[in-house]
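Everything on this sheet refers to the single structure shown next.
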Amino acid sequence: MGLPPYATTGQRIWYYSFRVICALIFIFLITPILVVMPLSFNAQDFFTFTPEMLRLDPEGYSLKHYRNFFGNSDWQRALKNSLIIAPIATVISVSLGTLAAIGLSQSHVPGKRAIMAILISPMIVPLIISATGMFFFYSAMGNWLEDNLGLGQNFVGYIKVILAHAVLGIPFVIITVTATLVGFDRSLTRAAANMGADPVTTFFRVQMPLILPGVISGGLFAFITSFDEVVVVLFVGSAAQKTLPWQMFIGLREQISPTILAVATILVVISIGLLATVEILRRRSERLRGMSPG
Amino acid sequence: MTDAAGPMLAADGTPLKRSLARALRRQKLRALLLIAPLLIFVLVTFVVPIANMLFRSVENQIVSETLPETIQSLDGWNAEAGGIPDEDVFTKLYIDLFIAEEQKLHTRLGTRLNYEQTGASSMFRKTGRAVGRFDTDTYTDGFVDANGDWEDPAAWASLMADAGARAALPLTARSWDRWKAVFDAEGKELKKRNLEDFLFTALYTDLNAGGDAAHAMVQSAKPVAEGLAQVSLIDAFKEADKKWGEPEIWQTLTLYSPNYTPGYFLNSVDLERTLDGPKVKPENEQIYITLFGRTLWMSLVITGCCIHLGYPVAWLLANLPASKANLLLILVLLPFWTSLLVRTSAWKVMLQQQGVINDVLVFLGLVDDASRLIMINNQFGTIVAMTHILLPFMILPMYSVMQTIPPSYLRAAKSLGATNWTAFWRVYFPQSVPGIGAGSILVFILAIGYYITPEIVGGTKGVFISNRIAYHISSSLNWGLAAALGTILLAVVLLLYWAYDKIVGIDNVKLG
């Protein structure tokens, strides 16, 4: 889409002004993130650029908000909780989700549409409604677990949050893995069976390596869903299960402290890493699919 | 394999048709077995909780569970006449409240009724404290003086085991059973001092209603009951709280006695139940219609902003060479992948009065330092922050639709003499409409259920219905109303989702 040499002045003006408009929209998309990063190195407890920062004076910058994040027990406990809850929830949603996606990709599944609708529903229903429903049901379930199985209150709290996060991550796993399976060549499993491999071997040695990129990117989606989730954990969890987003939410609502910006920067770096991983996996998956016949 | 007479056979000799059917059945079963664990998991951890919420939005057992006798005797009472019920209903209320007070359930009922009638909560609390001190001890003293067995729990138990006595003293028997059950549930023994006045009030009522049995205790009590003057419980209740003498509370009790009520739903659209059917609430109590309207309106505005900002970007991405487009796509995906709270906090930092945008404007001299713009804690803040957060959801579907539009169409239109604008508007735009539709529904669905961002940057004027739901869950504890509001919101979302499925197809949801 270049500008042809015969373009009129009006067309030239429009061509460049359109690019400027697009540039402004891209700036709109990216600025908030770009503003957060430098501000997190602020030497003052302000949420704005100090004159020292604008002069690029090293005095104006410091790592004190990062030190505060790593030194503060509240933030550390929140980080630990996030790192306990998100991986376990991810493992649950990935293992159950992958199995179900393989089942769904078979040719004759009765009631496929209805099943799909149910499995996707956690993504469609607004979080506040999921949280409300879970709040009622999980507290009853938690009481039952405590009374009948004699589990500790804290442990039950983790179970509740993990189950809730696992179910929220499931649609992402289902969608990505089914998408990968669309390009999967069924004759490969038949060939494996033909050569004497039992279904389990076929799954782990033939099918799994091929759909792995889809499974991993589904897992990353599930992980980020749990890692970033705040509404459900606010309603279902108790103070002992306070996660990183929860702690940030409290910080934003009550005692607003620049430590939040340091945490935000760390999270942005993590999401850049995840984004890069997903992108690499997608490319690899496309390459693999290109290689497989059919 | 075939012969002219018989059906086609498989290798093992069964008819081929049956053999195929069996193989198909096995295949179906295997697929279902693979899906089953997840399906059960989602049903238990997600669908059942949502169904439970729907149930909670109409559930109202608390009234008839806490005041069973009262509700039953109110059955024949005519609420529309505008008076208060007779002594009999007050006797039942006395018994019910006494038992509820022991279990500390009366305050919960008071809170429940307070949603429908202001003041009910304090009424039940006050009365709960007072029921133990009513003048009904004259009954107790009278019966005990006549026969010492009346103050012996064991004698009571044996009397209440006697079928004849139970038939003669129905109210006493029922009250005794409930009272005993309270102590059994707590694993405590019913002692002499637990033979409270309300049991003797029930006995007095039964005996004066003509109850008679051969049992010695009943025989000893009968003349006493005839001789004792009736204690007016209406007066006692009025003394505890004068509102018991007014018709309002009794009308509320009658209206909310059934086990299921549409009351929460009526409340969530600013109506209230009255004896003459639903009525609009007074002007100053109407909030939910406004809030629903605001939620829909602001979601529409946000969707509109996303369309206008997303369309040029999607167009640029679709028309640039792949390498450049991929680079720019990262700028769209990065915010998409960034934590919601990070983006919300960024907007808080940007929009504050001492924030980055105001500082820049003051620095440029566009705004006076004294009159910094108020851009946060109002609708503007919510719209800006949410447009930013939801913009990738608009760009991505638009981009994937625009990628499929061949650029040669535009060239063809122009070579046929169309101006740039005509070519775009008549040729390109109609083909990109499915992308706009998909993106708009997605953004709209996401927007109307948002909670976190409006809560942080919305102040009071920029909040959504979700914030009200959260408020009822965590602060006002009116869970039934929260469930009803959630149910209405869920219905709207499902309707939109259905439309989305019709227009785009849920299978076409793509991520990243």
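Note that the structure is a prediction, hence the values are computed from the model and not measured. Protein chains get the first letters and strands the later ones, always in sequence-line order, with residue 1 at the start of each.
- Aromatic ring orientation, Phe18(A) versus Trp315(B): perpendicular (interplanar angle above 60°, classes split at 30° and 60°).
- Interatomic distance, Glu229(A) CD to Leu340(B) CG, rounded to the nearest 0.5 Å: 9.5 Å.
- Looking at Leu39(A), only its side chain comes within 4.5 Å of chain B, counting heavy atoms on both sides.
- Rounding to the nearest 0.5 Å gives a distance of 8.5 Å between CG of Leu446(B) and CD1 of Ile124(A).
- The aromatic ring centroids of Phe28(A) and Trp347(B) lie less than 6.0 Å from each other.
- Heavy atoms closer than 4.5 Å to chain B are found in the side chain of Leu261(A), but not in its backbone.
- Taking CZ from Phe137(A) and CZ from Phe46(B), the interatomic distance works out to 12.5 Å, rounded to the nearest 0.5 Å.
- For the set Ser95(A), Ala131(A), Ser121(A), the count of heavy-atom pairs under 4.5 angstrom toward chain B peaks at Ser121(A).
- Residue contact with chain B, scored on non-hydrogen atoms closer than 4.5 Å, involves the backbone and the side chain of Ile118(A) alike.
- Checking each of Leu119(A), Ile92(A), Thr98(A) against Leu38(B) for a side chain to side chain contact (heavy atoms under 4.5 Å, CB included) leaves exactly one that passes, namely Leu119(A).
- Between the CG atom of Asp228(A) and the CG atom of Leu341(B) there is a distance of 6.5 Å, given to the nearest 0.5 Å.
- With a threshold of 4.5 angstrom between heavy atoms, Phe227(A) does not approach chain B through any atom at all.
- Judged by distance alone, the side chain of Tyr138(A) and the main-chain N or O of Thr45(B) form a donor-acceptor pair under 3.5 Å.
- If you measure heavy-atom distances from Val36(A) to chain B, the contacts under 4.5 Å come from the side chain alone.
- Lys348(B) contributes a side-chain N or O that, together with a main-chain N or O of Leu252(A), makes up a donor-acceptor pair within less than 3.5 Å.
- With a 4.5 Å cut-off on non-hydrogen atoms, Leu163(A) touches chain B through its backbone and its side chain both.
- The line from CG of Leu490(B) to CD1 of Ile128(A) is 12.5 Å long, rounded to the nearest 0.5 Å.
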